[in-house]
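Data block below; observations after.
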Amino acid sequence: MTEASGAVHDFNATYLESYLGVAPNGFVRLTAEDGEGLRVQGTCPRCHGDTASEYRYGVPGTGTKGLFSALRRTPVAPTQDDTHSLILREVHFCECGHPHPDLPADAPFVGCGASWRVGQLSNRDVG
């Protein structure tokens with residue numbers, strides 16, 4: 001896969017759990033397909049593969065403290081400002097989907113093992 005920067009996915013990058021700090025490339029915040037969460041997508045700063053992480057509204061650990069509508073029992077979406085701030089604080093992991101060499105059988109994500117924080121975040125299709 002080729003990114004706008006010209007970087008090509010390095011399928012041969014050996015799996016290595018490593019924190020890279022703040023990613024130099026931008027990421028995009030999208031509404032999840034089912035509308036019950038959000039999706040952060042961009043390019044892994046280590047292997048340059050396309051990566052995306054989905055965060056569900058109303059799930060402990062996602063910053064919404066399990067807020068539900070009293071009548072419908074459906075997750076309440078936090079405000080755009082709240083989620084923007086949370087995404088910038090969250091540590092994201094490579095989820096490029098490629099089983100890089102030396103990927104452990106029990107790895108929580110299929111990718112190169114890199115983790116980072118998002119420094120630039122743009123919004124698309126969120127209200």
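Both backbone and side-chain heavy atoms feed into the values below; hydrogens, waters and symmetry mates do not.
- For the residue pair Glu95/Ser53, the side-chain donor-acceptor check at 3.5 Å is satisfied.
- Taking all atoms of both residues into account, the shortest heavy-atom contact from Thr51 to Cys96 is OG1-N, 3.9 Å.
- A salt bridge links Arg56 with Asp34; the closest basic N to acidic carboxylate O contact falls under 4.0 Å.
- Looking at Ser115 and Glu17, their side chains never come closer than 4.5 Å, going by heavy atoms from C-beta outward.
- A side-chain donor-acceptor contact under 3.5 Å links Tyr19 and Arg117.
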Evaluation steps, side chain to side chain contact (heavy atoms under 4.5 Å, CB included), between Gln41 and Asp50 = CA-CA 7 Å; Gln41 66 184 45; Asp50 292 337; over 6 Å; no
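- Grouping the Ile, Leu, Val, Met, Phe, Trp and Tyr side chains by contacts below 4.5 angstrom, directly or via other members, places Leu121 with Trp116.
- Other members of the hydrophobic cluster containing Val110, listed by chain and number, are Tyr15, Leu103; membership follows side-chain contacts under 4.5 Å among ILVMFWY residues, whether direct or relayed.
- Side chain of His100 to backbone of Ala13: a donor-acceptor contact under 3.5 angstrom is found.
- Across Cys94, Pro99, Ser18, a single residue satisfies side chain to side chain contact (heavy atoms under 4.5 Å, CB included) together with Cys112, and that is Cys94.
- The shortest non-hydrogen separation linking Val40 to Val118 is CG1-CG2, 4.5 Å.
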Report the C-alpha separation of Glu54 and Leu38 in whole Å, then their side-chain angles, then the decisive distance to 0.1 Å, and conclude whether the side chain to side chain contact (heavy atoms under 4.5 Å, CB included) test is met.
-> CA-CA 6 Å; Glu54 194 162 296; Leu38 61 92; over 6 Å; no
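- Val22 and Phe27 are not part of a single hydrophobic cluster, where members link through side-chain heavy atoms under 4.5 Å apart.
- Not a single side-chain contact (heavy atoms from CB on, under 4.5 Å) links Gln120 to another residue, sequence neighbours left out.
- Across all their heavy atoms, Pro45 and Leu20 have their closest contact at CG-CD1, 3.8 Å.
- Taking the six-membered ring where the residue is Trp, Phe109 and Phe93 present parallel rings, their angle staying beneath 30° rather than reaching 60°.
- Looking at Thr31 and Arg39, their side chains never come closer than 4.5 Å, going by heavy atoms from C-beta outward.
- Between the side chain of His92 and the backbone N or O of Cys44, no donor-acceptor pair lies under 3.5 Å.
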Could you go through the side chain to side chain contact (heavy atoms under 4.5 Å, CB included) check for Val8 and His48 one step at a time?
-> CA-CA 6 Å; Val8 177; His48 308 290; over 6 Å; no
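- Between the side chain of Asn25 and the backbone N or O of Thr43, at least one donor-acceptor pair lies under 3.5 Å.
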